[in-house]
Every structure is written in C-alpha cells, then in structure tokens.
Amino acid sequence: MNPHRIAICMALAATASCASAQSTATVFGVADLSVRRVTNGPATVTGLSSGGAAASRLGFRVVEDLGGGYAASAWLESTVNFDDGTTNAARFFNRRSTVSLSGPFGEVRLGHDLTPSYTGFGEFDTFGVSGLADQGKFYSTAAGVFGSGIDATGVWARADNMVAYYTPNTLGGFYGQLAVAMGEGAPSKKYRGGRIGYAQGPVNVTAAYGLFDGIGGNTLRRSSVAGSYTWGPAKFYGSVVRNAYLGASRLVTQVGTVVTVAGLHKIKLNYTRADTSGVLGKAWLDRNDATQVAVGYAYDLSKRTTLYATYATISNKGDANFAVGTPPAAAPGRRSRGTEFGISHRF
C-alpha cells in the first residue's frame with residue numbers, strides 16, 4: 001500500500017471507509033411480550049411474559065472486511081425481559097459473546113455461544129425454541145438432564161470458553177461444525193461435540209453428537225438427527241434427540257409444521273414425545289414420560305412486527321414434571337397447559 005493510500009485510510013478510519021479494511025457495526029434485537037396464562041396441576045397464574053415467539057434480546061455486531069474474502073468480527077448479545085426490564089441475573093451478555101476470523105477456509109469462533117448439540121435440534125423446533133411450546137424444556141431442567149448439573153451451568157445450550165470451527169458455505173450444500181469448551185476446572189462446564197449436515201433447496205438434514213462433563217466427572221451424551229422440508233406453503237420439521245447419563249436415558253421425538261397462508265398468516269402445529277428409561281441411583285424411570293401438543297397462529301403486520309397466539313399442553317406420567325411455563329411450579333405427574341397472546345418486533 002503506497003503512502004498516499006495509507007494517509008487516506010488513516011483519515012477515514014473513524015468511518016471505516018477504507019477499501020482494504022471496511023468495518024460495519026450493527027445494533028439489533030427482538031422486543032417480544034405476551035399475556036400468558038399457565039396452569040400446572042391445580043394452580044394457575046396469569047401475567048406478562050417476555051419471549052413468546054422469539055427470545056427478547058439486544059445485540060451488537062461488528063465486522064471488519066480484511067480483504068481477499070477474510071473478515072474479523074465480534075458479537076455481543078444479551079437477554080432483555082420486557083415484562084420487567086431485567087436481564088440475565090448471572091451475566092449481561094448471556095446469549096453470546098464471541099470473536100471470530102472467517103475466510104475461504106470457514107470460520108474460527110471463540111467465546112460464549114450455542115453448542116452444535118443444541119443447534120442440531122434447536123434450529124428444527126417448530127416454535128423456534130421459544131414460548132410455551134419450546135423444546136428446550138426437555139433439556140434445560142434437572143429432570144431433563146438427570147441431575148447432571150449442565151442445567152445449572154447453562155451448557156445444555158451454550159458453553160463458555162469455547163473454540164468452534166464452521167465449514168465454509170462453498171461445499172455444495174454440505175456443512176459441519178466442531179466445538180470444544182475447556183471448562184477451566186469448573187464442574188459441569190466442559191463440552192466436546194460436532195455436527196454435520198446438508199442443506200440444499202427445500203431440504204435440510206443434520207446429525208449431531210456431544211459429550212458434557214457432569215457432576216463428579218460423569219459424562220452426559222447427547223446424539224440427535226433432525227431435518228426440515230419445504231413443500232409449497234408448508235415447512236415440515238422433525239427431530240429425534242437422545243440424552244444418556246449414567247444408567248438413564250431420554251428419547252425426545254418431535255414433528256411439526258408451519259403453513260403460510262396468503263403470505264401473512266402462519267399456522268403452527270407440533271407434537272412432542274419424551275420417553276424416559278433406565279435407572280438413576282435406585283429409582284426406575286421408565287414411567288416418567290411426557291407428551292406435548294401445541295398449536296399456534298401468527299400474523300405479520302409488517303416484515304418486522306408479528307402478532308401471535310399459542311396454546312400448548314403437556315401430559316406428564318409417573319414423576320415427570322415438565323411444564324409449558326412457570327410460575328406456578330411444575331407438578332409431578334400432573335397436566336400442564338397454557339395460552340399466550342403477544343406481539344414480537346424485530347429491529
């Protein structure tokens with residue numbers, strides 16, 4: 001680069017308009033709030049809830065074009081609870097905090113982010129892993145992960161201190177991801193996993209496998225296969241996920257569809273079955289199964305704003321205590337059901 005071009009780049013650095021190193025900064029988010037009524041067993045609670053159609057959030061993204069197809073980027077993203085103005089109690093940027101380098105080779109990403117063991121099923125959730133019908137409830141509770149401790153640390157979905165590699169989007173539809181979270185000596189925070197898939201035209205299929213170090217060094221194993229297919233105005237989803245820890249396992253199977261009508265209306269249907277088996281300690285778990293049925297409707301007021309309604313119900317058997325939402329507290333072996341009406345705005 002000649003001296004004149006260096007001088008120009010230095011002069012324009014504040015606006016990031018140098019042709020060889022252009023930067024962009026983006027502020028983005030979701031403002032989502034609903035009126036929700038939840039009944040768990042004999043108790044019912046009505047109130048406002050944040051994130052019924054999409055998780056409410058505030059994020060900052062910076063990308064620098066390094067030239068030659070290479071880029072450096074940073075991403076910070078935080079939960080925002082629009083019902084009371086709070087955020088995550090443990091950390092501000094709880095959703096994502098990463099720095100990455102990308103290019104023709106793919107992307108290397110460092111920091112706090114979703115694991116491939118989560119995206120391997122979460123990207124195929126009919127309701128977007130949000131609201132009353134969220135699939136995450138079968139993995140985010142102590143009952144969902146057999147007391148392994150990964151629920152408390154949050155590594156069931158996101159990992160700290162993670163190094164991840166993503167393949168480039170030039171492989172003819174094939175894609176993959178590998179990730180390792182060192183744990184740094186903290187219990188239930190170590191993770192190793194990967195995901196492969198193929199997405200081309202109306203088809204997207206994927207498989208993922210991950211190892212989570214639970215309490216006492218015991219390992220929770222999660223394996224999954226999932227897929228989606230678009231046919232005309234309908235998109236069909238399905239996934240099968242197995243969590244195994246010590247002598248216990250749970251197989252979560254879900255199928256669903258989203259049908260778009262006249263471009264603005266969306267009808268959502270989902271069926272989920274959680275089958276538990278094995279022994280944990282001295283307790284037999286074979287009876288602790290659950291079934292969830294959900295239906296939803298969404299109407300797009302604009303490209304950024306959507307009105308929505310969701311109804312979901314869970315039938316728990318044995319000591320299963322999954323709930324469409326809390327409060328009230330989940331009731332083992334009892335039915336859980338809920339309804340919500342809300343508005344979601346993306347910016």
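More than 12 heavy atoms of other residues, nucleotides or ligands shown are found within 6.0 angstrom of CG on N88. More than 12 heavy atoms of other residues, nucleotides or ligands shown are found within 6.0 angstrom of CZ on R91. At most 12 heavy atoms of other shown residues, nucleotides or ligands fall within 6.0 angstrom of atom CZ in R242.
Between L264 atom CG and D300 atom CG the span is 6.0 Å, to the nearest 0.5 Å. Once rounded to the nearest 0.5 Å, the distance linking OG1 of T276 with NZ of K317 reads 11.5 Å. Here I343 contributes atom CD1 and L307 contributes atom CG; the two are 5.0 Å apart, rounded to the nearest 0.5 Å. Atom CZ of R96 sits about 13.5 Å away from atom CG of N94, to the nearest 0.5 Å. Here the CG-OG1 distance, from L251 to T253, works out to 4.0 Å after rounding to the nearest 0.5 Å. The CZ atom of R192 sits 4.5 Å away from the CG atom of D213 when rounded to the nearest 0.5 Å.
Formation of a donor-acceptor pair under 3.5 Å by the T115 side chain with backbone atoms of A159 is not found in this model. Put simply, the side chain of D125 gets close to the backbone of Q135: a donor and an acceptor are under 3.5 Å apart. With hydrogens and angles disregarded, no donor-acceptor distance shorter than 3.5 Å links the side chain of S344 to the backbone of A53. Put simply, the side chain of K189 never gets that close to the backbone of A181: no donor and acceptor are under 3.5 Å apart. Under the 3.5 Å distance criterion, the side-chain polar atoms of N81 are left unmatched by any main-chain donor or acceptor of D84. Put simply, the side chain of N40 gets close to the backbone of P328: a donor and an acceptor are under 3.5 Å apart. Between the side chain of T206 and the main chain of I196, a donor-acceptor pair closer than 3.5 Å is present. Under a 3.5 Å cut-off, the side chain of D65 and the backbone N or O of G67 do form a donor-acceptor pair. Between the H112 side chain and the R158 main chain, no donor and acceptor come within less than 3.5 Å of each other. The backbone N or O of N218 sits nowhere less than 3.5 Å from a side-chain atom of S148 that would complete a donor-acceptor pair.
Remark: the D32 side chain and the Y308 side chain contain an N/O donor-acceptor pair separated by less than 3.5 Å. Between the side chains of S50 and S56, at least one donor N or O lies within less than 3.5 Å of an accepting N or O. With hydrogens and angles left out, the side-chain atoms of N270 and T272 include a donor and acceptor closer than 3.5 Å. Of the N and O atoms on the side chains of D151 and S140, not one donor lies less than 3.5 Å from an acceptor on the other residue. Residues S249 and S277 have side chains that bring a donor and an acceptor to within less than 3.5 angstrom of each other. In this structure, a donor-acceptor pair under 3.5 Å is present between the side chains of S100 and S73.
The side-chain hydrogen bond (donor to acceptor under 3.5 Å, both in side chains) test with N243 singles out one residue from R222, R250, R221, and that residue is R222.
When hydrophobic clusters are built by joining Ile, Leu, Val, Met, Phe, Trp and Tyr residues whose side-chain heavy atoms come closer than 4.5 Å, directly or via intermediates, V205 is not grouped with V240.
The minimum heavy-atom distance between N316 and R334, with the atom names listed, is ND2-O, 2.9 Å. T119 and R195 make their closest contact through OG1-NH1, 3.0 Å (heavy atoms, listed as atom of the first residue, atom of the second, distance). Contact detail for V324 and S336: the closest heavy-atom pair is N-OG, 3.0 Å. Shown here for T98 and R109, the closest heavy-atom pair between the two residues is CB-CG, 3.7 Å. Annotation for A55 and V30: closest pair O-CB, 3.5 Å, computed over non-hydrogen atoms. The two residues I314 and A290 make their nearest non-hydrogen contact at CG2-CB, 4.2 Å.
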Worksheet entry | Derivation and outcome, side-chain contact (heavy atoms from CB on, under 4.5 Å), residues F341 and Y297 | CA-CA 10 Å; F341 302 89; Y297 169 77; over 6 Å; no

Fill in: Stepwise side-chain contact (heavy atoms from CB on, under 4.5 Å) test for R335 and T39
CA-CA 8 Å; R335 183 185 177 195; T39 299; over 6 Å; no

Worksheet item: Going through the checks in order, is the side-chain contact (heavy atoms from CB on, under 4.5 Å) test met by R61 and T24?
Response: CA-CA 8 Å; R61 184 170 58 246; T24 59; over 6 Å; no

Practice prompt. Output, in order, the C-alpha distance, side-chain angles, deciding distance and verdict of side-chain contact (heavy atoms from CB on, under 4.5 Å) for T153 and D160.
Written response: CA-CA 9 Å; T153 62; D160 296 337; over 6 Å; no

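By the 4.5 Å heavy-atom criterion applied to side chains, N169 and Y175 are not counted as neighbours. Taking the side chain as every heavy atom from C-beta outward, P116 and Y209 never approach each other to under 4.5 Å. V45 is not listed as a side-chain neighbour of V38, based on a closest heavy-atom distance of 4.5 Å or more.
The stretch residues 36-55 participates, sequence neighbours left out, in these salt bridge (Lys or Arg N to Asp or Glu O under 4.0 Å) pairs: R36-E340. Residue pairs meeting the ring pair (Phe, Tyr, Trp, His ring centres under 6.0 Å) criterion with at least one member in residues 212-234, sequence neighbours excluded: Y191-F212. Applying the ring pair (Phe, Tyr, Trp, His ring centres under 6.0 Å) definition to pairs two or more places apart or across chains, those involving residues 122-154 are F121-Y139, F138-F322.
In this structure, E77 pairs ionically with R95, as a charged nitrogen and a carboxylate oxygen lie closer than 4.0 Å.
Classified by interplanar angle (parallel below 30°, tilted 30° to 60°, perpendicular above 60°), the ring pair Y118/W156 is perpendicular.
Clustering of Ile, Leu, Val, Met, Phe, Trp and Tyr side chains at separations under 4.5 Å places L58 together with V27, L33, V35, L48, F60, L76, V80, F82, F92, F93, F347. The other residues sharing a hydrophobic cluster with W75 are F28, where clustering joins ILVMFWY side chains under 4.5 Å apart.
With sequence neighbours excluded, the residues that form a ring-ring contact (aromatic ring centres under 6.0 Å, His included) with Y198 are F174.
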